[in-house]
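A, B, ... follow the sequence lines: proteins, then strands. Residue 1 opens every chain. Computed from heavy atoms alone, side chains included, the values below leave out hydrogens, waters and symmetry copies.
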Protein chains: 2
Amino acid sequence: METQDLKKVGLKVTLPRMKILELLQNADQRHLSAEDIYKLLLEADEEIGLATIYRVLTQFETAGLVTRHHFETGQAVFELERGEHHDHLVCIKCGKVEEFKNETIETCQDKIASEAGYRITDHSLIIYGVCPECQKK
Amino acid sequence: METQDLKKVGLKVTLPRMKILELLQNADQRHLSAEDIYKLLLEADEEIGLATIYRVLTQFETAGLVTRHHFETGQAVFELERGEHHDHLVCIKCGKVEEFKNETIETCQDKIASEAGYRITDHSLIIYGVCPECQKK
DNA sequence: GACCATAATGCAAAAGCTTCTCATTTCTCT
DNA sequence: AGAGAAATGAGAAGCTTTTGCATTATGGTC
Ligand SMILES: [Mn+2]
Ligand SMILES: [Mn+2]
Ligand SMILES: [Zn+2]
Ligand SMILES: [Zn+2]
């Protein structure tokens, strides 16, 4: 029940917030831009302003419900936070996004940061390439 | 002699291009945004339009003279290409950028991409953290 | 060195994404 | 149901980057 998720993080339960959360949970595509969400909601006859979508996504991000990524598409994409960190493999032809997790890389990163004396707060690893389907064309 | 660099890649030798290239070679800070370059040139009494700077940087990128990065600062940063790939460690407090290269990570990335059937074209690994100096404050 | 065709520049306007303002609506709590 | 507080929608504004077009500079030729 999503209503709980919102209350838990101190956000009022409103229609826009419910619909956006629902969409993030159920959409085929896990990684969505604000505009994607806007259009998908329109298709479902839920007319929610783009400004609200941006506002809500930022609130969700602050609340730890979603994560924002900056792939090189010009627009940020958001995905529901599932508690397990992962990185991304993005097809430059069709935009498909795959996820992966690699302990060796994570460990190396921590080592690099600590050797440089940095207190690491975050990282972003994105591999760009052409997916198997797009290679055939 | 920078004039050669430009001719080599098929670009006319113009004052803006020379000045921008020179700045990228000599600036204290290796990673500069278009606006940074604009302002530094102004300080040096070289009034070059921002549009030209963007255009030239894109041409330099296409020609392989510079590399463009998207740190999460809202603006792209550019650095002179030195032929050796590396990744970045960015201080979220002061904006300092450090470079590193890690063979283990590079190898893992290639393995991940090929296991997913992707033909890798590029990747971006950015570690965000707080640098030693900023930790003291 | 002057000339010409072509390419590059500067400026302002436009575009693309995101945030903000403020009047109106919706929630929550009683 | 009603009051107070918070959220929404619509449009304006903000930022970074790109584009159109008139003007200027460059590189090759005579
Ligand atoms: Mn993901
Ligand atoms: Mn670098
Ligand atoms: Zn693809
Ligand atoms: Zn710092």
Without decimals, in angstroms, what is the distance between [X] [atom1] and [N] [atom2]?
X	N	atom1	atom2	answer
Ile53(A)	dT19(C)	CD1	P	13 Å
Tyr54(B)	dC11(C)	OH	C1'	16 Å
Lys7(A)	dT28(C)	NZ	P	6 Å
Arg17(A)	dT26(C)	CZ	C1'	11 Å
Leu57(A)	dC17(C)	CG	P	15 Å
Leu15(A)	dC27(C)	CG	P	7 Å

Q) Is Glu133(A) salt-bridged to Lys96(A), going by a charged N under 4.0 Å from an acidic O? A)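 Yes, charged N to carboxylate O under 4.0 Å.
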Q) Is the shortest side-chain N to carboxylate O distance from Glu99(B) to Arg30(B) below 4.0 Å? A)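 Result for this pair is yes, salt bridge flagged.
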Q.
Looking at the base of dT21(C), is there any donor atom on it, or on the side chain of Arg55(A), that sits under 3.5 Å from an acceptor on the other one?
A.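 Side chain to base: pair present.
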(Q) Nearest heavy atom decides the nucleotide; on that basis, is Ser33(B) or Ala51(A) closer to the 5' end of DNA chain D? (A) Ala51(A)
Q.
Out of the candidates Leu40(A), Asp36(A), Leu42(A), only one should pair with Tyr38(A) under the side-chain contact (heavy atoms from CB on, under 4.5 Å) rule; please name it.
A.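 For Tyr38(A), the side-chain contact (heavy atoms from CB on, under 4.5 Å) check succeeds only for Leu42(A).
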Q: Would you check if the side chain of Gln75(B) reaches a backbone N or O of Ala34(B) as a donor-acceptor pair within less than 3.5 Å?
A: no
Q) Ala76(B) near the nucleic acid: base, sugar-phosphate alone, or nothing, with a heavy-atom cut-off under 4.0 Å? A) sugar-phosphate
(Q) Applying a 4.0 Å non-hydrogen cut-off, can you work out what Glu35(A) is touching in the nucleic acid: base, sugar-phosphate, or nothing? (A) nothing
Q: Classify the ring geometry between His88(B) and His86(B) as parallel (under 30°), tilted (30 to 60°) or perpendicular (over 60°).
A: perpendicular
(Q) Nearest 0.5 angstrom please: Ile48(A) CD1 to Leu41(A) CG, how far? (A)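 Answer for the CD1-CG pair, Ile48(A) versus Leu41(A), is 5.0 Å.
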Q | Contact boundaries on DNA chain D for chain A, cut-off under 4.0 Å to non-hydrogen atoms | A |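 Both ends considered, the range comes out as dA5(D) to dG11(D).
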Q.
Check the phosphate of dG10(C) against Thr52(B), side-chain N and O only, distance under 4.0 Å to OP1 or OP2. Yes or no?
A.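 Yes, Thr52(B) has a side-chain N/O under 4.0 Å of OP1/OP2 on dG10(C).
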